[in-house]
Amino acid sequence: MTANATIAVIDDSSMDRFIARRMLGKAHPGCEVIEFSYAEEAVSYLKSPSRKAIDLILIDINLPRMNGFEFADSFASLYPELKGHTRVIMVSHSINPADQERARAHPAIDSYKTKPLTPGILDVV
């Protein structure tokens, strides 16, 4: 990942967003972190013609209104051209094997990681 990468963090927990922002800043100084509390906000941002290119999306699995899988469905259908450029990592406190398998099988999700996030999460990028 380049130092000037743009990373979207989608999580309804302000503490988890704070941890992600700090971890990403230490692991990749110079990266820009864009935060969203809800997946719908991220979808609206991605629909915007003036949006920045996103290199990586970290999305929580359990979000109100639109969960991580619903976001991944929207992302895959709206932006198939971004698949090669934008990586999507689903993150969760869940160690449920069914969640992990569903994420691995989803065409828009590149990886599934459990929280808490560590700098090693970016090894997939």
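All heavy atoms count here, side chains included; hydrogens, waters and symmetry mates do not.
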Visitor: Once you round to the nearest 0.5 Å, how far does OG of Ser92 lie from OH of Tyr112?
Guide: 4.0 Å
Visitor: Which heavy atom in Val88 sits nearest to a heavy atom in Ala108, and how many Å separate them?
Guide: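 In this case the closest contact between Val88 and Ala108 is CB-O, 3.2 Å.
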Visitor: Can you check whether Leu63's main-chain N or O pairs, donor with acceptor, with Asp60's side chain at less than 3.5 Å?
Guide: no
Visitor: Are the side chains of Ser44 and Glu41 in contact, using a 4.5 Å heavy-atom criterion?
Guide: no
Visitor: Tell me the closest heavy-atom pair linking Ser94 and Asp99, and the distance in Å.
Guide: OG-OD2, 2.9 Å
Visitor: Would you give the length of the straight line joining atom CD of Glu35 to atom CD1 of Ile7, rounded to the nearest 0.5 angstrom?
Guide: 11.5 Å
Visitor: Minimum heavy-atom separation for Thr86 to Asp110, with atom names?
Guide: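 The pair with the smallest heavy-atom distance is O-OD2, 4.0 Å.
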Visitor: Looking at Glu32 and Lys52, does any basic side-chain N land under 4.0 Å from a carboxylate oxygen?
Guide: yes
Visitor: Using a 4.5 Å cut-off on heavy atoms from C-beta on, say whether the side chain of Gln100 contacts that of Ile95.
Guide: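 Yes, their side chains come closer than 4.5 Å.
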Visitor: Which distance, rounded to the nearest 0.5 Å, do you find between the SG of Cys31 and the NZ of Lys26?
Guide: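 One gets 13.0 Å once the value is rounded to the nearest 0.5 Å.
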Visitor: For Asp55 and Thr6, indicate whether the former's side chain and the latter's backbone hold a donor-acceptor pair under 3.5 Å.
Guide: yes
Visitor: Can Val9 and Leu24 be said to form a side-chain contact (heavy atoms from CB on, under 4.5 Å), step by step?
Guide: CA-CA 10 Å; Val9 176; Leu24 291 166; 3.9 Å; yes
Visitor: Under the side-chain contact (heavy atoms from CB on, under 4.5 Å) criterion, do Arg87 and Ser111 qualify, and how do the steps go?
Guide: CA-CA 9 Å; Arg87 306 290 303 256; Ser111 183; 5.9 Å; no
Visitor: Run the numbers on Met90 and Lys113 for side-chain contact (heavy atoms from CB on, under 4.5 Å), then give the verdict.
Guide: CA-CA 6 Å; Met90 184 166 280; Lys113 300 291 183 178; over 6 Å; no
Visitor: Got Ile59 and Val91 here, is their nearest side-chain heavy-atom distance under 4.5 Å?
Guide: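 Answer no - side chains too far apart.
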Visitor: Enter the distance from Phe71:CZ to Glu40:CD here, rounded to the nearest 0.5 Å.
Guide: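 Going from the CZ atom of Phe71 to the CD atom of Glu40 covers 10.5 Å.
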Visitor: If hydrophobic clusters are built from ILVMFWY residues whose side chains come within less than 4.5 Å, do Ile34 and Ile19 share one?
Guide: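 Cluster IDs for Ile34 and Ile19 differ.
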Visitor: To the closest 0.5 Å, what do you measure between CD1 (Ile109) and CD1 (Ile61)?
Guide: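 One gets 7.5 Å once the value is rounded to the nearest 0.5 Å.
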Visitor: Would you say Met23 and Pro116 make side-chain contact, with heavy atoms under 4.5 Å?
Guide: no
Visitor: His93 and Asn62: side-chain donor and acceptor closer than 3.5 Å?
Guide: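 Side-chain D/A pair, His93 to Asn62: absent.
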Visitor: From Leu58 CG over to Ile89 CD1, what is the distance, rounded to the nearest 0.5 angstrom?
Guide: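 The CD1 atom of Ile89 is 5.5 Å from CG of Leu58, to the nearest 0.5 Å.
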Visitor: Tell me the salt bridge (charged side-chain N to carboxylate O under 4.0 Å, His left out) pairs involving residues 4-13, sequence neighbours left out?
Guide: Asp11-Lys115
Visitor: Identify the residue among Tyr38, Phe36, Phe75 that makes a ring-ring contact (aromatic ring centres under 6.0 Å, His included) with Tyr45.
Guide: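 When Tyr38, Phe36, Phe75 are each tested with Tyr45, the ring-ring contact (aromatic ring centres under 6.0 Å, His included) holds only for Phe36.
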